[in-house]
Enquirer: 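Below is one structure. I have some questions about it.
Position 1 is the first residue of the sequence; numbering continues from there.
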Amino acid sequence: MILRKKYKEDESLDFESRRQKRRKKRIRQRRSRILLFLLSILTVFLIVFLGNKVKNKIEEHRILKARNDSFVGAPPFDVDLIEPNEYSRPGTPLKKIKGIVIHYTANPGSTAKNNRDYFDGLKQSHETKVSSHFVVGIDGEIVQCIPSTEVAYASNSRNEDTLSIECCHVDETGKFTDATYLSLIRLTGWLCYRFNLTEEDVIRHYDVTGKICPKYYVENPKQWEKLKKDVKSQIKEVEKEVKKSENK
C-alpha cells in the first residue's frame, strides 16, 4: 500500500511537472508570436517611414534641382515680397511677359530696401498706387518685391505684360553707379533669357508714356543703346552658363 501510494504521488508529480512544462512552452510560444507580430509591425512601419523619407528626399532634390536650374545665370537677390494689397500688390495674374521696363526711383540716395518698404507701406498710407517687381540698389543689391507671376503698378498700359525694375541713384542726374549698372545688366539679361526675350524687348518707362524715366537714359540715348547691347551680351553669357550646367 505504501509503495502504491508513493507511486501515485510520483505519478501525480510527474504529471504536474509535464503540465507545467507544457504551460511554459505555450507561454514561450505565445510570447514568440507576440514578439514576431510586433517585429512585423515595426518592420512595416520602418519600410513605410523610410520609404516616404527617401521619396521626400528624392522630391526635395528634384524641386531643388529644378529651382537651381531655373536660377542659373541669375545675380544674387533677396526675395522680400510686399504684402498683397490694392495699392501696390493687387495679385493680378501676369499671364504673358512681353518686355522688361527700366525705371529710376527719382528719390536720390534711397536704398533698395527703402523703396521696397515704401511700396509695402502703401497698404496703410493709400498715398498712391505704385510698385515694381525688382529694385536695384546703389551698392548693387537687388530686392524682389512682387512675384514675376503678378502685375506690378509701374508701367501704366504695359503693367499687364511686362516686368518692372526700379533703379536707385545717388543724385538728381539719375545716373546709376557702376554697381547698380552691373546688377541691372545681370538681372535684365537673366530675365530676358528666362522669359525668351531679347534686348529689343527691354524698354524705358519713357517709351511707354513719355515720362522722363529713367532720367539719365532718356537724356542720354547713346548710353541707353549701350545698355541694350550689354544686355544682349549678358543674355549670351546666361545661355552659356545654362548649357554648362546641363552638361554637368
Enquirer: Find the distance between CD1 (Ile102) and OG1 (Thr188) and round it off to the nearest 0.5 Å.
Expert: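 One finds 4.0 Å between CD1 of Ile102 and OG1 of Thr188.
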Enquirer: Using side-chain heavy atoms (C-beta onward) and a distance below 4.5 Å, is Asp80 in contact with Lys113?
Expert: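 SC-SC contact between Asp80 and Lys113 confirmed.
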Enquirer: What is the distance from atom CD of Glu83 to atom CD of Gln124, rounded to the nearest 0.5 Å?
Expert: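 If we round to the nearest 0.5 Å, Glu83:CD and Gln124:CD are 8.0 Å apart.
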Enquirer: Let's go through Val202 and Cys192 carefully: what are the C-alpha distance in whole Å and the side-chain angles of both, what is the deciding distance for side chain to side chain contact (heavy atoms under 4.5 Å, CB included) to 0.1 Å, and is it a yes or a no?
Expert: CA-CA 8 Å; Val202 180; Cys192 282; 3.7 Å; yes
Enquirer: Going only through I, L, V, M, F, W and Y residues with side-chain contacts under 4.5 Å, is there a path from Tyr206 to Val208?
Expert: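 Cluster IDs for Tyr206 and Val208 differ.
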Enquirer: Show your working on salt bridge (charged side-chain N to carboxylate O under 4.0 Å, His left out) between Lys215 and Glu219 and close with a plain yes or no.
Expert: CA-CA 6 Å; Lys215 187 175 187 291; Glu219 295 177 347; 3.1 Å; yes
Enquirer: Taking the side chain as everything from C-beta on, heavy atoms only, tell me whether Leu191 gets closer than 4.5 Å to Leu163.
Expert: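 Leu191 reaches Leu163 side chain to side chain.
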Enquirer: Charged N to carboxylate O under 4.0 angstrom, Lys243 versus Glu239?
Expert: yes
Enquirer: Closer than 3.5 angstrom, by distance alone: can the side chain of Asp171 be matched with the main-chain N or O of Thr173 as a donor-acceptor pair?
Expert: yes
Enquirer: Should Lys228 and Glu200 count as an ion pair when the cut-off is N to O under 4.0 Å?
Expert: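 Here Lys228 pairs with Glu200 in a salt bridge, since their nearest N and O are under 4.0 Å apart.
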Enquirer: With rounding to the nearest 0.5 angstrom, report the CG to NZ distance, Asp230 to Lys226.
Expert: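 Going from CG on Asp230 over to NZ on Lys226, the span is 4.0 Å.
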Enquirer: Say whether, by atom type as modelled, one donor and one acceptor occur between the side chain of Asn159 and the main chain of Asn156 under 3.5 angstrom.
Expert: yes
Enquirer: Looking at every heavy atom in both Leu94 and Ile97, which two are closest together, and how far apart are they?
Expert: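 Leu94 and Ile97 have their closest heavy atoms at CD2-CG1, 3.9 Å.
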Enquirer: Quick check for you: to the nearest 0.5 Å, what is the distance between Glu166 atom CD and Leu184 atom CG?
Expert: 11.5 Å
Enquirer: Looking at Tyr193, I'd like to know if its OH atom is crowded, meaning that more than 12 non-hydrogen atoms belonging to other residues, nucleotides or ligands lie closer than 6.0 Å.
Expert: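 Yes.
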Enquirer: Shortest non-hydrogen contact from Arg116 to Leu81?
Expert: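 Shortest heavy-atom separation between Arg116 and Leu81 comes out as NH2-O, 3.0 Å.
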Enquirer: Please determine whether the number of non-hydrogen atoms from other residues, nucleotides or ligands lying under 6.0 Å from atom NZ of Lys123 exceeds 12.
Expert: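 Enclosed: over 12 neighbouring heavy atoms sit under 6.0 Å from NZ of Lys123.
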Enquirer: Ring centroid separation for Trp190 and Phe71, is it under 6.0 angstrom?
Expert: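 When the ring centroids of Trp190 and Phe71 are compared, they turn out to be within the sub-6.0 Å range.
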Enquirer: Under 3.5 Å, is there a donor-acceptor pair linking the side chains of Thr105 and Asn115?
Expert: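 Not at all, the side chains of Thr105 and Asn115 share no donor-acceptor pair under 3.5 Å.
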Enquirer: With no hydrogens and no angle check, is any side-chain donor or acceptor of His169 less than 3.5 Å from a backbone partner on Ala106?
Expert: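 It does hold such a pair.
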Enquirer: Ring pair (Phe, Tyr, Trp, His ring centres under 6.0 Å): which pairs involve residues 106-145, sequence neighbours left out?
Expert: Phe77-Phe134, Tyr87-His126
Enquirer: Which pair of non-hydrogen atoms, one from Tyr104 and one from Ile212, has the smallest distance, and what is that distance?
Expert: CE2-O, 3.6 Å
Enquirer: If every non-hydrogen atom of Pro214 is compared with every non-hydrogen atom of Arg204, which pair is closest and at what distance?
Expert: CD-CB, 3.6 Å
Enquirer: For Ser155 and His103, what are the C-alpha separation, side-chain angles and deciding distance, and is it a side chain to side chain donor-acceptor pair (under 3.5 Å)?
Expert: CA-CA 9 Å; Ser155 308; His103 304 255; 3.1 Å; yes
Enquirer: I'd like to know if Val231 and Val218 are part of one continuous hydrophobic network [Ile/Leu/Val/Met/Phe/Trp/Tyr, side-chain heavy atoms within less than 4.5 Å].
Expert: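 Per the 4.5 Å side-chain linkage, Val218 and Val231 are not co-clustered.
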Enquirer: Name the atoms and distances for all side-chain donor-acceptor pairs under 3.5 Å in residues 135-154, with sequence neighbours left out.
Expert:
| residue | atom | partner | partner atom | Å |
| --- | --- | --- | --- | --- |
| Glu141 | OE1 | Asp139 | N | 3.2 |
| Gln144 | NE2 | Ile146 | O | 3.1 |
| Glu150 | OE1 | Arg89 | NE | 2.8 |
| Glu150 | OE2 | Arg89 | NH2 | 2.9 |

Enquirer: What pair of heavy atoms forms the shortest contact from Cys167 to Thr180, and how long is it?
Expert: CB-CG2, 4.2 Å
Enquirer: Looking at Asn196, I want to see if its CG is surrounded by more than 12 non-hydrogen atoms of other residues, nucleotides or ligands under 6.0 Å.
Expert: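 It does not: Asn196 CG has 12 such atoms or fewer within range.
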Enquirer: Under 3.5 Å, is there a donor on one side chain and an acceptor on the other for Asn114 and Thr111?
Expert: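 Side chains of Asn114 and Thr111: pair found under 3.5 Å.
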Enquirer: Do Ser245 and Lys240 come within less than 4.5 Å of each other through their side chains, counting heavy atoms only?
Expert: no
Enquirer: Assess whether side chain to side chain contact (heavy atoms under 4.5 Å, CB included) is satisfied between Ser88 and Lys129, documenting all intermediate values.
Expert: CA-CA 6 Å; Ser88 53; Lys129 290 186 177 182; over 6 Å; no
Enquirer: For Leu227 and Tyr181, which heavy atoms make the closest approach, and how far apart are they?
Expert: CA-OH, 3.2 Å
Enquirer: For Ile100 and Ile203, run side chain to side chain contact (heavy atoms under 4.5 Å, CB included): C-alpha distance rounded to whole Å, both residues' side-chain angles, the deciding distance at 0.1 Å, then the answer.
Expert: CA-CA 6 Å; Ile100 297 171; Ile203 61 176; over 6 Å; no
Enquirer: Kindly compute the distance separating CD (Gln234) from CD (Glu199), expressed to the nearest 0.5 Å.
Expert: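 Output value for this atom pair is 12.5 Å.
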Enquirer: Find out whether Ile165 and Val101 are in side-chain contact, i.e. whether some heavy atom of one side chain is under 4.5 Å from a heavy atom of the other.
Expert: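 Result no, sub-4.5 Å side-chain heavy-atom pair not found.
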